[in-house]
Structure formats: structure tokens, C-alpha cells
Visitor: 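First, the structure itself, so that you have it in front of you.
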Amino acid sequence: MPRDDISTRQTSRLADAPGGYGRDNLHPHDTLDRATRAAQARVTGGLSPHAAWAAWADWATHMMRAPGRQMAVAERAVQNGWKLARHAAGLAEAPFAPERTDHRFTHEGWARPPFALWQQAFLATQDVVDLATEPLRGARPRSAERVRFMARQTLDAVAPSNVPALNPEILETLRETGGHALIDGWRNWQADVLGELSGEPVAPESRFRVGETLACTPGQVVYRNEIMELIQYSPQTETVHPEPVLIVPAWIMKYYILDLQPQNSLINWLVGQGYTVFAISWFNPTAEHRDLGLEDYRRDGVMAALDAVSAITEAPKVHACGYCLGGTMLSIAAAAMARDGDDRLASITLLAAQTDFAEAGELLLFVDESQLAFLEDMMWDQGTLDSRQMAGAFQALRAEDLIWTRSVGRYLMGREDPDADILVWNRDATRMPARMHGEYLRGLFMENRLTSGRYAVDGRVVALRDLSAPIFAVGTEADHIAPWRSVYKAKLFTDVDMHFVLTSGGHNGGIVSEPGHRGRRYRVGHRPPGALYMDPDTWLDHAEQKDGSWWPEWGAWLDRLSGDRVAPPPMGAPGKGYAPLAPAPGTYIFQT
């Protein structure tokens, strides 16, 4: 049933909100300070100048006291110079290769002189910079990582692939189009700049439409509150497993990454396997929702959805599945349920979801006290973290591909962005309430409270060790948002029957890995309760690689934990307050 009004609970919690919301012991002119920092944040895109300066200062002062490292860097520069000279003279093959995720030099023209020498000189410089920014004894490890990140950003900006006269692919395109590619690129640039200045970026033309070709699995919205809609999907089989599946997606993007086209929709596939599937569709917050917190998302998201699923299906047990941030929230909710004796979960599935953030990957580059205070002040001013600001952080982590390769193609070669379902979804980002995002970054990401025994729900600490439901956790090999070794650490903080799957692909592509998807592979391991812990690298050495999609592996696991099939439950339960409200995908998915 609908719970008490969210805004009432928000007001009661302002006193202990992160970043100083509502506190009485602030400096008398703190508002002026925060407004000043918020204005700076608008200019810097939310990046703290102090955090950048502190990283450079820490690295530089320790480098000055490390003559051995300086000698090593100088020696590497000389060695790379000789390698380049031998290659230029035709005495050796190209000594340097781009990283696997770097697609700037894939054109065959980069293998021919003089382009090959320019490419190799760039990669040689990058190699020296990487050596110089390796961790230094005495310096904070994150300082070296940040310096490397900033140095890489600078190098990427001056790469030969960005210069028309030095890029063979651009020159070839200009010859083939008679120079018209630059005219088309100029038009693309104008359109993008005008879109940014107006605050309304123009989405490229696409054949994909939400509710028509995307997010089109049939169903009904059976519950709605201020922060989410709950979708129940129509059965596709004559009988279904008695335990329904509740999917908790991340709120940073729209839920339909799990319901793209019918052939690669995880939700559609799961319904076809004979499961009654429910999915949360989060709302897109605005500044008026600034005081919504993580507890609101747990209580009025996960728990409200679970109550609705239980009431509609009358099933005593529910399979719960969380993706990315949704998996983190599901873990918190499950731990609180275990603490309180609520045993409704038949199983827990975590898809690219972290519960421990000590090794949370490259996003940690953006998290320290200075950076968090800067972000909190910016969100205090705006009320939300804007979707473009978060998207910019993700793009910067793979700038060589997500920023520069796209920019070269779009502005220097006049190419339109490719039309793909996952790219349409990727552009459909959401904002995040200031309070919630501050709580997430500070309490989970920076202070790692969940696995350190300091995360409280309703004033009492929760622990993953209390979980008893079986867990199926999935990590992806190329994930730079939730690195698979971090996802794997759920094994370290639980003692339940657990299956861990490592699949090929990245954070999104590895999850959207339908049967028949070419080139997919995965590894799977099983840890029974009470077993000794095995570190991720040792596990990787022993886990057998299998070809194909991991979805059937998950389906077989769910089948083993499910009862005999029964007739499908009704769509909604009007008599219990869960009447169908609108056809799937609902209304919140269209909020901009």
C-alpha cells in the first residue's frame, strides 16, 4: 500500500543531511562560502581545483625527492627515442601499440609513413608519462592516479589523430567527399554548441522509439508513488514459476537498459522463461526533490515495490535482482530485511553491483573530501546533479574513445553518431537529488560504510553477513564503473550459497548479453556456505571459460530455486490498491 508522504520524512531528516544541510552550528557566513564554491563549480563542471592542485603538488614534491625515479623516466625516454629511430629507419616493427579501448588509430593509414611515426611518437610519449605517474613511495597513491588522469587528458587533446593534416583517415575522407565532410562537420558542431548553450541538446535522428521499439515488453504499471512506477509484465507462457522476479535498476539512467529491443531484452527473455516479472521505473528528479535521500529510495522504492509484488502475486517468496546502483540499494534493503526477520527473498541477484567500495575503480579519482564538498555545494545550489555532469565524468574516464574519437568523426569527418539501441538509452540519462547523491558518494563510495559495519537503516546498523538468501553475482571483464574484482568482494562479506559469474564486455554490454550474441563468453564459480575465501585472481585462474551468454546459466539457477509452475497471477490487484494505471513502459520513463 502507499506509504506516508515522503516530504514529511524529508523535513524530519534535514538536521543530519550530508554537506551541512540544515545544521545549526554552521559558520555565520557559510552560505556565502557555499554559494561562491557553487559558482566556481558551474565553471569547472563540478571538478574541484583544489583537488587537482593538491594531487599535482603531492606528486611533484615526492618526484623531486626521488632521483631514482627521475633517472628511470629519463632512461625510458631515451629508450623510446631509440625505438622510434629504429622504426623510422625501417629496422624494426612498430614498438608501441594502442590500448585495447583506444580506437583512434584503427585506420590502416596509421601503418604507413609518415603517419606511423606520428602515431608511434604519441604512444611513446604516453608510455613515458605512464611511468612517471606510477605510485611514488610516500605520496598518496590516488595523487599519482589523478596526475596520470590529468596528463592523459592533456595528451589526448594534442594527439595527432585530432589534427586533420596528421590523420590519414580524415585526409582520405576529405578526398572522397571533395571537402564536404568539413562542411557537414561544421554544421554538426554548430548544432551541438547551440544545443548546449540553450540547455536543450538536439538528439540525433533515430529509428528507435521508447515504448515502440525500445522498452516495449507488454505490461502494466500497477503502482506509482513520487519516486517510482512499478511495472508488471504480461505473461508469455501458460504457466509460471510461483516466485515472481523483482528488478531494481539503477536510478542514474532509465531502467530500459534491461528492456531494449525484444531480442536483447533481459526482461522479455525472463518473462519468456516463465517468470512473473516486475520492474521499477525510477522518476527523473528536479530541484524540488533535492532532499530525497537513500532511505527514500530504499523505503519508497525497493520496499514499496516488494510489498506490491507480494500483495499482487500472494507469493511468500520473491526473487530480487538489482543492477548497478540498484544492486547496491537491494543489498542494503536485503540486509535490513534479514536484520528484522523479513524472509521474503528467495534469492538475490546482483548485476555489476558493488557492495564494497574500497576498490571501486577509476571513479574514485573524483572522490575525496575536497571534491565531495565541491560537488555537494554545486548540488546544494542546483538541487540535483545534472545528467550531463555525470555523463561528462564517465566520458572523461574513456576520453580517447568517448570524447575524441567521436569528436573527430562528427566535426572533422562530418559523420553522424551511429544509431544503436544502447546509444539511444545512453543519451537518456536522469538527474539525481542532491541529498541522495551526497549520501551515496560520502557514505558508501568514500567512507565505505556498508562493509565496515557503519551503515544504518532506521537508526540501526545493517550487515551483509546477516543475509541467508542465495546470491548470484555478475561482474564484467571490462567494467570501469564497477570493476569485477570489486563486485567479487561480495564473497568476502557474506556467507551464503553464492554463484559468481564473470562475463565478457563492459558495464552495460556485458549485462546485455543475450543468447546468440556473437563473441560472448563467461566464467562461473560456486561458493557454498562456510567455504574458505578465494581471492579473485586465484578464482580467475581456476574458473573454466564457457562460450555464449550467461543468461541461461542464471535462468537454470533461478529454476533450481523455484517451485512447480502454476497459473499466472492477475495483472495488478485493484482490491488491494494496485490497479493497473497505464500500459508499460509507463509515464516516468518519458520524464526529461
Visitor: Quick one: which of V512, I257, L214, V210 gives a side-chain contact (heavy atoms from CB on, under 4.5 Å) with W425?
Guide: I257
Visitor: Return yes if some donor-acceptor pair links the side-chain N/O of T476 with the main-chain N/O of G506 below 3.5 Å, else return no.
Guide: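 Side chain of T476 to backbone of G506, a donor-acceptor pair under 3.5 Å: yes, one is there.
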Visitor: Only one of D184, T405, D192 passes side chain to side chain donor-acceptor pair (under 3.5 Å) with R410; say which it is.
Guide: D192
Visitor: If you take the centroid of each ring, where Trp contributes its six-membered ring, are H437 and F445 closer together than 6.0 Å?
Guide: no
Visitor: Is M413 close to V408 at the side-chain level, that is, under 4.5 Å between some pair of heavy atoms?
Guide: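 They are in contact (side-chain heavy atoms under 4.5 Å apart), so the answer is yes.
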Visitor: Ignoring hydrogens and geometry beyond distance, is a side-chain donor-acceptor pair present between S486 and E359 at under 3.5 Å?
Guide: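 Absent: no donor and acceptor within the cut-off.
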Visitor: So how far is it from R37 CZ to D381 CG, rounded to the nearest 0.5 Å?
Guide: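 Rounded to the nearest 0.5 Å, the CZ-CG separation comes out at 12.0 Å.
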Visitor: What about Y297 and W251, are their ring centers closer than 6.0 Å?
Guide: yes
Visitor: Could you tell me the separation between the NE2 atom of H29 and the CG atom of D33, rounded to the nearest 0.5 Å?
Guide: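 Between H29 NE2 and D33 CG, I get 9.0 Å after rounding to 0.5 Å.
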Visitor: Can you tell if the side chain of L350 reaches within under 4.5 Å of the side chain of S331, non-hydrogen atoms only?
Guide: yes
Visitor: Strictly by modelled atom types, are D307 and Y223 linked by a side-chain donor-acceptor pair under 3.5 Å?
Guide: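 The criterion, which ignores hydrogens and geometry beyond distance, is not satisfied for Y223 and D307.
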Visitor: Using the rule given for side-chain contact (heavy atoms from CB on, under 4.5 Å), can you reason through I348 versus L330, listing the C-alpha separation, both sets of side-chain angles and the distance that settles it, and then say yes or no?
Guide: CA-CA 8 Å; I348 300 169; L330 174 60; 4.0 Å; yes
Visitor: Ignoring hydrogens and geometry, is there a side-chain-to-backbone donor-acceptor pair from T494 to A490 under 3.5 Å?
Guide: yes
Visitor: Using the ring of each side chain (for Trp, its six-membered ring), is H50 parallel, tilted or perpendicular to W53, with breaks at 30° and 60°?
Guide: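 Judged by the thresholds at 30° and 60°, the geometry between H50 and W53 is tilted.
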Visitor: Answer yes if the side chains of S370 and S48 hold a donor-acceptor pair under 3.5 Å, and no otherwise.
Guide: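 Indeed, the side chains of S370 and S48 share at least one donor-acceptor pair under 3.5 Å.
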Visitor: Quick check for you: to the nearest 0.5 Å, what is the distance between D428 atom CG and N284 atom CG?
Guide: 8.5 Å
Visitor: What is the ring orientation for F357 with Y440, classed by angle as parallel under 30°, tilted 30 to 60°, or perpendicular over 60°?
Guide: perpendicular
Visitor: Is it the case that N167 and N162 place a side-chain donor and acceptor less than 3.5 Å from each other?
Guide: no
Visitor: Return the CD1 to OG distance between I247 and S281, rounded to the nearest 0.5 Å.
Guide: 12.0 Å
Visitor: Before giving the answer on side-chain contact (heavy atoms from CB on, under 4.5 Å), spell out for V457 and R339 the whole-Å C-alpha distance, their side-chain angles and the decisive distance to 0.1 Å.
Guide: CA-CA 10 Å; V457 173; R339 180 200 64 189; 4.2 Å; yes
Visitor: Would you say the side chains of D419 and S206 form a donor-acceptor pair under 3.5 Å?
Guide: yes
Visitor: Tell me whether E376 is salt-bridged to R34, with the criterion being a basic N under 4.0 Å from an acidic carboxylate O.
Guide: no
Visitor: Test side-chain contact (heavy atoms from CB on, under 4.5 Å) on L266 and L260 and set out the steps.
Guide: CA-CA 8 Å; L266 179 62; L260 293 173; over 6 Å; no
Visitor: Can you name the closest pair of heavy atoms from A215 and I589 and give their distance?
Guide: CB-CD1, 4.0 Å
Visitor: Decide whether D421 and Y256 meet the rule of one side-chain donor and one side-chain acceptor closer than 3.5 Å.
Guide: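 No donor-acceptor contact under 3.5 Å links the two side chains.
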Visitor: State, with a plain yes or no, whether a side-chain heavy atom of W380 is found less than 4.5 Å away from one of T31.
Guide: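 Result yes, sub-4.5 Å side-chain heavy-atom pair found.
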Visitor: Can D340 and R460 be counted as an ion pair, charged N to O under 4.0 angstrom?
Guide: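 Salt bridge: yes.
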Visitor: Between D291 and R435, is there a side-chain N and carboxylate O pair less than 4.0 Å apart?
Guide: no
Visitor: Is there a side-chain contact (heavy atoms from CB on, under 4.5 Å) between M228 and L230 once you walk through the steps?
Guide: CA-CA 7 Å; M228 66 93 174; L230 181 66; 4.2 Å; yes
Visitor: Taking all heavy atoms of Y255 and all of P585, pick out the closest pair and write down the distance.
Guide: OH-CB, 3.4 Å
Visitor: With a 4.5 Å cut-off on side-chain heavy atoms, are M150 and W56 touching?
Guide: yes
Visitor: Does any non-hydrogen side-chain atom of R415 lie less than 4.5 Å from one of N188?
Guide: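 Answer no - side chains too far apart.
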Visitor: Do you know the tightest heavy-atom contact between N225 and Y588?
Guide: O-OH, 2.5 Å
Visitor: Without swapping roles, check the side chain of W282 against the backbone of P249 for a donor-acceptor pair under 3.5 Å.
Guide: yes
Visitor: Check D368 with R142, please: is the shortest side-chain N to carboxylate O separation under 4.0 Å?
Guide: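 So R142 does not pair with D368 through a salt bridge.
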Visitor: In terms of side-chain heavy atoms, does H62 have a donor or acceptor partner in D58 at a distance below 3.5 Å?
Guide: yes
Visitor: When R152 is tested against each of D130, D127, D102 for salt bridge (charged side-chain N to carboxylate O under 4.0 Å, His left out), which residue passes?
Guide: D130
Visitor: Side-chain contact test, heavy atoms from C-beta onward, threshold under 4.5 Å: evaluate it for T355 versus T328 and give yes or no.
Guide: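 Counting from C-beta outward, T355 and T328 never come under 4.5 Å.
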Visitor: Work out which heavy atom in E295 is nearest to a heavy atom in R298; give both atom names and the distance.
Guide: OE2-NH2, 2.7 Å
Visitor: Nearest 0.5 angstrom please: R187 CZ to L182 CG, how far?
Guide: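 One finds 12.0 Å between CZ of R187 and CG of L182.
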Visitor: Working to the nearest 0.5 angstrom, can you tell me the gap between I227 CD1 and R299 CZ?
Guide: 11.0 Å
Visitor: Is there a side-chain contact between L294 and Y455 (heavy atoms, below 4.5 Å)?
Guide: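 Yes, close enough: below the 4.5 Å cut-off.
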Visitor: Less than 4.0 angstrom from a charged side-chain N to a carboxylate O is my criterion; do E400 and R104 meet it?
Guide: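 No, E400 and R104 are not salt-bridged.
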Visitor: Answer yes or no: is there a side-chain heavy-atom contact under 4.5 Å between F278 and I231?
Guide: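 A side-chain contact under 4.5 Å is absent here.
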Visitor: Taking all non-hydrogen atoms of both residues, which atom of F208 and which atom of A420 are closest, and how far apart?
Guide: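 Shortest heavy-atom separation between F208 and A420 comes out as CE1-C, 3.5 Å.
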Visitor: If we count only N and O atoms by modelled type, under 3.5 Å, do the side chains of T384 and R431 hold a donor and an acceptor together?
Guide: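 No, R431 and T384 have no side-chain donor paired with an acceptor closer than 3.5 Å.
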Visitor: Write down the atom of L345, the atom of A334, and the distance for their closest heavy-atom approach.
Guide: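 Closest pair (atom of L345, atom of A334, distance): CD1-CB, 3.7 Å.
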